[in-house]
Structure formats: structure tokens, C-alpha cells
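Numbers here simply count residues along the sequence, with the first being 1. Atoms within a ligand are numbered from 1 in the order they appear, just like the ligands themselves. Quick note: numbers below take in every heavy atom, side chains included, and nothing from hydrogens, waters or symmetry partners.
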Amino acid sequence: MLIGHKVQHNAAALRTALLGKKMVRFEAPHMDSIMPQVGRTIEEVRNLDKSIEIIWDNGIVLNTRMKISSSWDVYRNGVEWRKDAAKADVLIDVQDWVAVCFNTPEIDVYHDFDPRRHPILGKLGPDLTLVDADIEEAVDRMMEYEERDETVADVLLDQRVVRGVSNVFRCEILWACEMHPWANIGTLKRAECRELLTLAHEMLQNADASSDNLAIYGRQGKSCARCGDVVKVNHHGEANRVLYWCAGCQTTHEPLVRPNFTPLYIERDASMGDSHPAAKQFMNEIISLRDVG
Ligand SMILES: [Zn+2]
């Protein structure tokens with residue numbers, strides 16, 4: 001098998017097994033850099049030219065280089081492996097599936113580049129994971145946001161406004177408030193900023209990112225629980241994070257001009273049994289999105 005085909009094939013299997021799942025175990029015996037954290041959700045699998053990238057919801061990226069003898073194998077938990085477990089370079093366990101990388105010449109882990117996540121650029125906003133977080137302070141920061149045409153989806157991840165909002169909850173909060181993710185921050189009224197942030201604070205206090213409790217995150221191609229429209233997924237913003245949303249009901253402050261799309265690597269391999277009736281529709285949508293980009 002050619003290396004390009006192998007990378008594509010392995011990445012498709014990883015998507016089916018891992019996307020939207022919470023990681024329960026991570027092992028990489030030869031790795032000495034930052035580690036992906038247990039409890040974090042796997043958000044995306046990208047296949048590049050000769051490597052595969054796995055991205056978690058806190059922006060951590062694991063890049064494994066692939067050569068002809070390398071592989072990412074996916075096993076249902078409890079099933080016997082085809083290869084020697086002692087030779088595994090990386091192991092990612094999501095409870096029902098385990099993904100194992102063998103014989104990679106190079107592993108690299110880094111934080112997805114987002115200049116605003118770096119505190120040197122300004123004072124940090126209130127941390128919404130804390131019970132006594134100062135919501136009004138965060139509202140002030142949102143109202144005074146310098147770039148008035150920045151999208152609300154991006155501002156929620158800006159550490160100078162507010163901290164602690166993971167990508168999973170960013171999607172959930174916007175859906176709950178029926179807010180268009182690309183609404184320009186300058187169009188939001190103070191009461192709307194307060195509603196978003198108060199809800200974010202409540203959600204983060206009861207944070208449980210298991211997929212059963214999520215209304216929109218990870219539900220691409222399925223019906224929106226509120227309006228029945230098909231849930232979409234896009235890349236968005238400077239950090240290029242995955243964004244799940246519903247065009248049917250998230251219409252508040254819908255902008256006239258939409259930002260550009262970038263390619264998505266989130267579809268699953270149909271041969272591995274994604275039999276959901278909406279899967280096909282989702283695939284069609286992905287193709288039309290790519291045409292736009
Ligand atoms: Zn909807």
C-alpha cells in the first residue's frame with residue numbers, strides 16, 4: 001500500500017473510533033514532551049502528507065510521522081491485538097475503542113498555535129471554572145473588545161476576555177443562547193454578553209463533557225434537538241478549532257458576510273459502520289463546503 005493511502009486509511013479508522021470521545025487512558029513510553037490529558041475530548045484527526053495529527057479539545061496536537069512500516073491500529077476494547085503490545089509507541093483509550101500506533105519514526109506534541117492563548121499579550125480575563133468568577137468583569141471585557149468585527153465564537157476562546165471555556169462548551173453555550181457563532185462581537189448587547197457568560201459559568205460548574213449530555217458538540221449530521229435542522233461542523237477562527245452549530249436556530253446576530261471555510265478532516269469511514277441515516281447527508285455537506293473553500 002502506498003504511504004499516502006495508508007495514512008488516509010489509518011486516519012479514517014481513527015476518526016470512527018475516537019472523534020467526540022473522552023480519552024480515559026494515554027500511554028507513550030518514549031515521549032518526553034507535554035502529554036495529552038486524560039478526560040479531554042478528541043476533536044479531530046487530520047491526515048497530512050506523511051503524518052497523522054490527533055487534536056484534543058484543549059488545542060493539544062499529537063503528530064505521528066508515518067513510514068511504510070508504521071501504522072495506527074484500532075481495536076474494540078477487549079479484542080486481541082494483531083501486534084505485540086510491548087512495541088506500541090502510542091496508545092489512546094476511549095473506553096469502547098483503543099487506538100495504537102506502531103513503528104512511528106517521530107512523535108511530536110504541541111499546542112495549536114493561537115497567539116491570544118499566550119498570556120504575554122495582556123492581562124487574563126476571569127476564570128469561569130471558579131465558583132466566584134467575576135462575571136461582570138468578563139462582560140466588561142467582552143463589551144470593550146477592541147476588534148469589533150471579531151466573531152463571538154473566537155472571543156469566547158480569548159483568554160484576555162475569559163478563561164476556562166473549552167471548545168466543547170463554546171459550542172454548547174452558543175447553541176443554548178441561539179447565537180450565530182459568527183456574530184460580530186460589536187453587535188452584541190450587554191445583556192446578551194451577560195447571558196452567554198452566566199450560562200458558560202453555570203455549565204462549567206457542572207462540567208460533564210460526556211457525549212450523552214451535549215446538545216450540539218459532536219452531533220454533526222444529526223438533527224438539532226431544538227429545531228430539527230441538520231447540525232453542521234466547520235473550522236473556525238484563528239485557532240482553527242472545530243465548531244459545531246445549527247444554522248436552523250442559531251440565528252441571533254447572523255452576520256451578512258461569512259468568514260472563509262478551511263478544509264475539514266472530520267468525516268468518518270463509512271466502511272467501519274457509521275450507519276446513521278444522516279451520515280450521507282453530512283458527507284455531501286462536507287463536499288459542498290470544500291467546494292466553497
Ligand atoms: Zn437548531
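Under the 3.5 Å distance criterion, with hydrogens and angles disregarded, no donor-acceptor pair is assigned to the side chains of Asn10 and Arg15. Judged by distance alone, the side chains of Tyr75 and Asn77 never bring a donor and an acceptor atom under 3.5 Å apart. No side-chain N or O of Lys6 forms a donor-acceptor pair with one of Ser70 less than 3.5 Å apart.
If you count the protein N, O or S atoms nearer to the Zn ion (ligand 1) than 2.8 Å, you get 4.
There is a path of hydrophobic side-chain contacts, each under 4.5 Å, that joins Met31 to Ile34. Following chains of ILVMFWY side-chain contacts shorter than 4.5 Å, one cannot reach Ile52 starting from Phe102, and the two form parts of different hydrophobic clusters.
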Any chance you could lay out the ring-ring contact (aromatic ring centres under 6.0 Å, His included) test for His253 and Trp182, step after step, and finish with the verdict? CA-CA 8 Å; His253 296 303; Trp182 299 318; over 10 Å; no
